[in-house]
Amino acid sequence: FLSLVAPQLTWLLFVLLAATLIVAALRRTGDWRALLRPDAAMSAFFLLCAYVFLSAVWAADPAAAFSKSVLLLGVVVIAFAAGAAASMLDEWQLRRTALAFAAGAFAGVLFVLFELLTAGRLTRFALDAIPLLDPPTRVRVVGGDVASIRLGAFRQNAGLVVLYLWPALL
């Protein structure tokens, strides 16, 4: 539900779900090493994290790039541990997890349908009523024309365009 109301808190939902799965598996088996047994997929993702870490060395802002690479490594470790923990659950816990997933998916569908039928009134109300949810302004538009744009946003968008064009150039 948090990711429906405030997309900025989706990371918290990921951490809570993973922590719940990991704690349930640890209570069941007590073996934390079983959560991080290396396999081919985990090795591939660790190689990717190593590549990102090496790329951070020659980045324009190495400190920020290094923190992002450490964040990626943390997400990879948490995701693999949660995946292994899900396989350690017994049938009753898996049934409850499946029921909770189905209920959450149904609630998400209801929310999207409500937003479609009301032209996004609930989202607009939440964004207007809660200043914390207000997205940062990156562009100033005057009379339908872009008057100014934050340089960081321009660099990010230009970098994404270049990233998407690489396969076409190859």
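Because only heavy atoms are used, hydrogens play no part in the values below, and waters and symmetry mates are left out as well, while side chains stay in. Numbering starts at 1 and runs along the sequence shown.
For Phe114, the ring pair (Phe, Tyr, Trp, His ring centres under 6.0 Å) criterion is met by no residue, not counting sequence neighbours. Among residues two or more places apart in sequence or in another chain, the side chain to side chain contact (heavy atoms under 4.5 Å, CB included) test is passed with Leu94 by Leu89. Considering only residues two or more places apart in sequence or on other chains, Ala119 meets the side chain to side chain contact (heavy atoms under 4.5 Å, CB included) condition with Arg124. Residues satisfying the side chain to side chain contact (heavy atoms under 4.5 Å, CB included) test with Ala85, not counting sequence neighbours, are Leu21, Ile22, Ala25, Leu35. Under the side chain to side chain contact (heavy atoms under 4.5 Å, CB included) criterion, Ser55 pairs with Tyr51, Trp58, not counting sequence neighbours. Remark: Arg95 pairs with Glu91 by the side-chain hydrogen bond (donor to acceptor under 3.5 Å, both in side chains) rule, at least two apart or across chains.
Counting Ile, Leu, Val, Met, Phe, Trp and Tyr side chains that sit under 4.5 Å apart, directly or through other members, Leu110 shares a hydrophobic cluster with Phe106. As a member of the Ile/Leu/Val/Met/Phe/Trp/Tyr network built from side-chain separations under 4.5 Å, Val70 groups with Phe53, Phe66.
Counting only residues at least two apart or in different chains, salt bridge (charged side-chain N to carboxylate O under 4.0 Å, His left out) contacts with residues 97-114 are absent. The side-chain hydrogen bond (donor to acceptor under 3.5 Å, both in side chains) contacts involving residues 28-41 comprise nothing, where partners must be two or more places apart or lie in separate chains.
Taking hydrophobic clusters as Ile, Leu, Val, Met, Phe, Trp and Tyr residues chained together by side-chain heavy-atom distances below 4.5 Å, Leu48 shares a cluster with Phe80. Hydrophobic clustering (ILVMFWY, side-chain heavy atoms < 4.5 Å, transitive): Phe45 and Phe14 are in distinct clusters. Hydrophobic clustering, with ILVMFWY side chains joined whenever heavy atoms are under 4.5 angstrom apart, groups Met88 together with Leu26. Grouping the Ile, Leu, Val, Met, Phe, Trp and Tyr side chains by contacts below 4.5 angstrom, directly or via other members, places Leu71 apart from Leu17. Cluster membership for Leu73 and Val52, using ILVMFWY side-chain heavy atoms within less than 4.5 angstrom, is shared.
Listed here is the closest heavy atom pair of Ser87 and Ala84: OG-O, 2.6 Å.
Atom CZ of Phe46 has more than 12 neighbouring heavy atoms from other residues, nucleotides or ligands inside a 6.0 Å radius.
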